[in-house]
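Presented below is the structure to which this report refers.
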Amino acid sequence: MEGNRGSLERIEVLRKITELTRSMIVELSNGSSKMIAIDRFKSYCTNSLENWFNLSEGKDVLTLQRESHVRRLDVLLRVLLIIQQLLRENRHSSKRDMYYMHPSIFTDQSVVDRAINDICILLQCSRHNLNVVSVGNGLVMGWLRFSEAGRRFDCLKKPNSAQFIPVQVEEVTDIATAADYILVVEKESVFQRLANDRFCSRNRCIVITGRGYPDVPTRRFLRLLVDVLALPAFCLVDCDPYGFDILTTYRFGSMQMAYDAKNLRIPQLQWIGAFASDSEKYDLPEQCLIPLTSKDKRRTEALLQRCYLRREVPHWRLELDSMLQRGVKFEIEALSVHNISFLSDHYLPSKIESELTTGKLIGDYQSIHSTNMGLVWNGNGMS
């Protein structure tokens with residue numbers, strides 16, 4: 001069934017490619033210099049009256065009259081030809097592989113990246129529909145079992161051992177869990193700290209890291225788990241503007257891929273730290289607090305202007321503003337000043353217990369968890 005669905009999706013994308021190229025040929029034959037119009041998207045609106053989600057802000061009309069447009073069209077068509085071949089042969093390629101097919105013409109990886117985004121917008125599809133895959137960076141561990149393209153991943157046998165997140169998330173099936181929640185941590189060092197402390201053995205959970213800014217497979221895999229398993233999801237990042245930006249990338253999407261935000265954002269994700277107020281609550285010494293640079297302050301002020309914070313999570317803005325007012329930042333690892341395992345033994349359990357018991361979450365998920373171990377996602381639905 002999954003294979004049939006994938007074949008139908010490839011056929012549909014190939015049909016759209018044919019229609020796009022045919023329309024460009026028609027424009028040329030009619031003597032028009034206008035070739036295509038590509039929607040521009042933004043996700044970081046500042047006007048409270050705007051709809052922040054998947055916001056279009058006009059179109060880029062590419063013509064043959066401007067040299068920069070001709071070059072952009074040249075790259076777009078070359079990349080489109082590669083994608084067409086991939087789909088016809090049912091093969092996959094990374095963006096980096098595509099760049100090296102014409103390095104003298106593409107000149108830079110960003111040129112290929114932009115062309116792929118343009119093609120996704122024109123064809124109204126996601127990147128994985130083009131058989132373009134990312135090099136996976138994400139890691140997962142915990143109370144989870146799943147299959148990908150016929151391979152079995154059983155984290156349940158060794159819940160504190162890291163597994164790479166699958167690159168082809170659309171081929172993930174047979175998902176089963178005994179977890180109570182999903183925890184997303186910003187970086188690998190914290191992920192490794194939890195693994196060393198056997199956090200997953202002592203807490204029935206799934207832990208994921210994108211090792212910094214998350215790649216597309218990590219975001220898609222997390223979205224799949226949240227949708228399928230209906231578990232509460234929490235996020236832990238550094239108390240600095242970059243950590244907060246990573247948090248918002250998970251929850252609200254990124255500027256670069258705003259056109260596909262509906263498939264990549266995790267609206268259920270809850271922020272549990274590190275908060276600016278934690279520095280006093282957990283009595284961090286001054287040596288652990290790092291002064292905000294002028295760049296940090298400008299970035300924080302820009303983050304505060306994003307309308308989705310005012311609309312959906314105004315309490316997040318309070319913590320962000322508090323960091324700006326205090327003028328200092330700190331890393332998650334600063335909590336180790338008390339004890340090497342303070343994060344695993346005290347900080348995270350207390351934060352998560354507070355969220356589950358004081359929030360609405362526990363009522364929403366208790367009934368689901370009572371049968372959770374018996375739930376299996378086979379790619380078509382629950383069984």
Side-chain angles (χ1 to χ4, degrees), residues 137-143 155 158-163 165 179-214 218 222 232-250 269-293 296 299-300 316 318-320 322-357:
N137 289 319
L139 301 172
V140 61
M141 65 179 175
W143 294 67
C155 304
K158 295 182 178 180
N160 302 292
S161 297
Q163 297 274 5
I165 286 174
D180 293 322
Y181 60 87
I182 300 169
L183 174 64
V184 182
V185 296
E186 174 185 344
K187 49 195 179 179
E188 187 175 7
S189 60
V190 175
F191 183 93
Q192 191 59 52
R193 175 75 267 143
L194 298 180
N196 291 342
D197 290 342
R198 302 182 62 78
F199 184 80
C200 292
S201 291
R202 296 184 288 125
N203 302 272
R204 287 166 50 126
C205 64
I206 299 165
V207 180
I208 287 175
T209 181
R211 300 203 277 187
Y213 280 92
T218 300
L222 175 60
F234 307 110
C235 190
L236 176 69
V237 295
D238 285 338
C239 181
D240 63 25
Y242 295 93
F244 190 84
D245 197 27
I246 289 170
L247 167 72
T248 60
T249 297
Y250 278 112
L269 193 67
Q270 300 296 315
W271 182 28
I272 58 169
F275 300 143
S277 54
D278 286 341
S279 62
E280 293 180 1
K281 181 178 179 179
Y282 295 99
D283 196 25
L284 296 183
E286 286 190 18
Q287 293 85 346
C288 295
L289 307 180
I290 306 167
L292 293 175
T293 65
D296 289 333
R299 192 176 187 91
T300 304
W316 288 15
L318 296 177
E319 283 292 341
L320 193 61
S322 176
M323 179 182 68
L324 187 61
Q325 297 303 319
R326 293 165 191 254
V328 293
K329 59 186 178 180
F330 64 91
E331 295 183 286
I332 300 165
E333 292 91 336
L335 294 164
S336 297
V337 71
H338 299 300
N339 181 287
I340 191 66
S341 297
F342 184 81
L343 178 71
S344 300
D345 294 344
H346 181 76
Y347 183 88
L348 281 174
S350 64
K351 290 270 188 175
I352 292 168
E353 182 181 5
S354 176
E355 285 289 332
L356 289 174
T357 56

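For reference, positions follow the sequence shown, starting with 1.
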- prompt: Does a side-chain N-to-carboxylate-O contact under 4.0 Å join Asp238 and Lys187?
  reply: yes
query: How far apart are the closest heavy atoms of Thr209 and Tyr250, and which atoms are they?
result: C-OH, 4.2 Å
- request: Apply side chain to side chain contact (heavy atoms under 4.5 Å, CB included) to Trp271 and Glu319, showing your working.
  value: CA-CA 11 Å; Trp271 182 28; Glu319 283 292 341; 3.8 Å; yes
Candidates Asn137, Thr218, Asp245 - the one meeting side chain to side chain donor-acceptor pair (under 3.5 Å) with Tyr213: Asp245
field: Heavy-atom check, side chain of Ile165 versus side chain of Ile208, under 4.5 Å
entry: yes
Test item: Leu348 and Ile272 side chains (from C-beta on) under 4.5 Å apart, heavy atoms: yes
Ile352 side, atom CD1; Phe234 side, atom CZ - distance, nearest 0.5 Å: 6.0 Å
Spacing of CD belonging to Gln270 relative to CG belonging to Leu183, to within rounding of 0.5 Å: 13.0 Å
- request: Using atom types as modelled and distance alone, determine if a side-chain donor or acceptor of Asp240 lies under 3.5 Å from a backbone N or O of Tyr242.
  value: yes
query: For the residue pair Leu194 and Ser344, what are the closest heavy atoms and their distance?
result: CD2-OG, 3.3 Å
- prompt: Distance from Met141 atom CE to Cys205 atom SG, nearest 0.5 Å?
  reply: 7.0 Å
message: Which residues pass the side chain to side chain donor-acceptor pair (under 3.5 Å) test with Thr300, not counting sequence neighbours?
response: none
message: With side chain to side chain contact (heavy atoms under 4.5 Å, CB included) as the criterion, how do Asp278 and Lys351 come out once you've worked through the C-alpha distance, each side chain's angles and the decisive distance to 0.1 Å?
response: CA-CA 11 Å; Asp278 286 341; Lys351 290 270 188 175; 3.2 Å; yes
- prompt: So do the side chains of Val328 and Ser279 get within less than 4.5 Å of each other, counting heavy atoms only?
  reply: no
field: Contact summary for Asp197 and Ser341, nearest pair of heavy atoms
entry: OD1-OG, 3.0 Å
statement: For residues 323-344, the ring-ring contact (aromatic ring centres under 6.0 Å, His included) pairs (sequence neighbours left out) are Tyr282-Phe342, His338-Phe342, Phe342-His346
field: Smallest separation among heavy atoms of Thr249 and Pro214, with atom names
entry: CG2-CG, 4.0 Å
Side-chain heavy-atom pair Val207, Phe191 within 4.5 angstrom cut-off: yes
statement: Closest non-hydrogen atoms of Gly243 and Glu186, given as atom of the first, atom of the second and distance, are CA-OE1, 3.6 Å
- request: State the CG-CD distance between Leu289 and Glu286, to the nearest 0.5 angstrom.
  value: 7.0 Å
- prompt: Going through the distances and angles, do Asp345 and Arg202 end up as a salt bridge (Lys or Arg N to Asp or Glu O under 4.0 Å)?
  reply: CA-CA 9 Å; Asp345 294 344; Arg202 296 184 288 125; 3.2 Å; yes
field: Rounded distance [0.5 Å steps], CD1 in Ile246 versus SG in Cys235
entry: 8.5 Å
- request: Kindly give the heavy-atom pair with the smallest separation between Ala195 and Asn160, and that separation in Å.
  value: CB-O, 3.5 Å
- prompt: Do the side chains of Leu343 and Ser336 get nearer than 4.5 Å, heavy atoms only?
  reply: no
- prompt: Side chain of Trp143, backbone of Cys200: donor and acceptor closer than 3.5 Å?
  reply: yes
- request: May I ask you to test the Phe275-Ser322 pair for a side-chain heavy-atom distance under 4.5 Å?
  value: no
field: Verdict with supporting geometry, Arg193 and Ile340, side chain to side chain contact (heavy atoms under 4.5 Å, CB included)
entry: CA-CA 9 Å; Arg193 175 75 267 143; Ile340 191 66; 3.6 Å; yes
Atom CZ of Arg198: over 12 foreign heavy atoms under 6.0 Å: no
query: Are the side chains of Glu333 and Val190 in touch, meaning some heavy atoms are under 4.5 Å apart?
result: yes
field: Atom pair CH2/OG1 of Trp316 and Thr248 - distance to nearest 0.5 Å
entry: 8.0 Å
- request: Answer whether the closest heavy-atom distance between the side chains of Met323 and Cys239 falls below 4.5 Å.
  value: yes
